[in-house]
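For ligands, and for the atoms within them, numbers begin at 1 and follow the listed sequence.
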Amino acid sequence: MIIVLKPDVSQADIDHVVQRIKDHGLTPHVSAGKERTIIGVIGDERAIENLPLSIFPGVDKVMPILSPYKLVSREFKHEDTLVAVGPDRTIQIGGTRLHVMAGPCAVESLERLMTVAESVRAAGATILRGGAFKPRTSPHSFQGLGDEGLDHLIEAKKKTGLPIVTEVLDTRDVELVASKADILQIGTRNMQNFRLLIEVGQTDKPVMLKRGLSATIKEFLLSAEYIMKQGNPRVILCERGIRTFETQVRNTLDLAAVPVLKQLSHLPVIVDPSHATGKWELVAPMAKAAIAAGADGLMIEVHANPEEALCDGEESLKPPKFHAMMQELKKVAAAVGREL
Ligand code: PEP
Ligand code: MN
């Protein structure tokens, strides 16, 4: 249920509604928009069946939420959500300005990371990516540097000023990763690791949730709902390709998911054309298409020497190619009323 409050509602009236909902064992989520404040009620609504909320002071109307996901839905919040990133929260994902998260698939050494970090910053990326805990299909593949990798990311952040996004694989690492990263990444293989979603939902860090490789959009949004239900509203959705019968590309980039997600949800949506295609030649064309389709940003893998990469060299752009792509993307962004 959504309770839409009157434009001139007082704080005391808001507090009163919130308290009465809590008294009935339900959880209110207050969302203050530019024009209206609304309260989403989560829980078994039968408990407030007889509570005449529509006549409470400050209440304009009470509406049911018809979609299975509530907090993430456009019905709950009409305006686009801006997710603020970084220590001073100056980066806002979801606004007119697009943000590109770029860096190596995995943090391999401080030296290699620094080279890539400097180059992506110079090309216009605003967030540095790099995996310290790597979810590899084979247990024999490089699993990442772990905590040491996180420290390299912090070092790179100090030198470049770029906030960092990195994956957290396990509930046991959430506290550690949240203490060091600016954005917690939930990878495709963990989109339905509900305990992990709950855990990151209890942190105060933005969460970038990647779509599961065989997840429907409904399942994707329900996973985002898990995070928001814990009280963390700073969720960024990431389309990274889904598994289909096609074998020419690593995954099939579901570009229609971008406008569909934007229609169904107020959360920002970014696209990862690197994992979606698995081939560096396809990254720039699909990055352009993603921006044209309405994405709020991109996640791109970059490596100074892809031949020697410990992970995903085939889909990594060399810094000059990344730079050239960024120049092209500026034009596409301008054509669709965005900035880069
Ligand atoms: C990644 O971005 O490092 C990654 C492993 O991606 P995905 O979870 O989409 O496969
Ligand atoms: Mn990768």
Considering only distance and modelled atom types, tabulate donor-acceptor pairs under 3.5 Å from the side chains of residues 99-110, sequence neighbours left out.
{"residue": "H99", "atom": "ND1", "partner": "T126", "partner atom": "OG1", "Å": "2.8"}
{"residue": "H99", "atom": "NE2", "partner": "Q92", "partner atom": "O", "Å": "3.3"}
{"residue": "E108", "atom": "OE1", "partner": "R112", "partner atom": "NH1", "Å": "2.6"}
{"residue": "E108", "atom": "OE1", "partner": "H303", "partner atom": "NE2", "Å": "2.8"}
{"residue": "E108", "atom": "OE2", "partner": "H303", "partner atom": "NE2", "Å": "3.4"}
{"residue": "E108", "atom": "OE2", "partner": "L310", "partner atom": "N", "Å": "2.6"}
{"residue": "S109", "atom": "OG", "partner": "R112", "partner atom": "N", "Å": "3.1"}

Quiz prompt | Exercise: do Q192 and S223 side chains pair donor with acceptor under 3.5 Å | solution = no
Quiz prompt | Shortest non-hydrogen contact from D296 toward G95 | solution = OD1-O, 4.4 Å
Quiz prompt | Any side-chain donor near an acceptor of the partner, D272 and H275, under 3.5 Å | solution = yes
Without placing hydrogens or testing angles, list every side-chain donor-acceptor pair under 3.5 Å for residues 49-65, not counting sequence neighbours.
{"residue": "D60", "atom": "OD2", "partner": "R36", "partner atom": "NH1", "Å": "2.8"}
{"residue": "D60", "atom": "OD2", "partner": "R36", "partner atom": "NH2", "Å": "3.4"}

Practice problem: Take the angle between the ring planes of F76 and H266 and call it parallel below 30°, perpendicular above 60°, tilted in between. | Solution: tilted
Exercise. Ignoring hydrogens and angles, state whether a donor on the side chain of Q19 or D23 is under 3.5 Å from an acceptor on the partner side chain.
Key: yes
Quiz item: Measuring from each atom of ligand 1, which residues have a heavy atom under 4.0 Å away?
Solution: R129, K134, P135, E167, Q185, G187, T188, R189, K210, R240, H275
Quiz item: Which residues and atoms, protein N, O or S only, are under 2.8 Å from the Mn ion (ligand 2)?
Solution: C105 SG, H275 NE2, E301 OE2, D312 OD2
Self-check item: M299 with L253, same ILVMFWY side-chain cluster at under 4.5 Å
Solution: no
Exercise. Among T188, V200, I236, L197, find the residue that satisfies the side chain to side chain contact (heavy atoms under 4.5 Å, CB included) test when tested with L209.
Key: L197
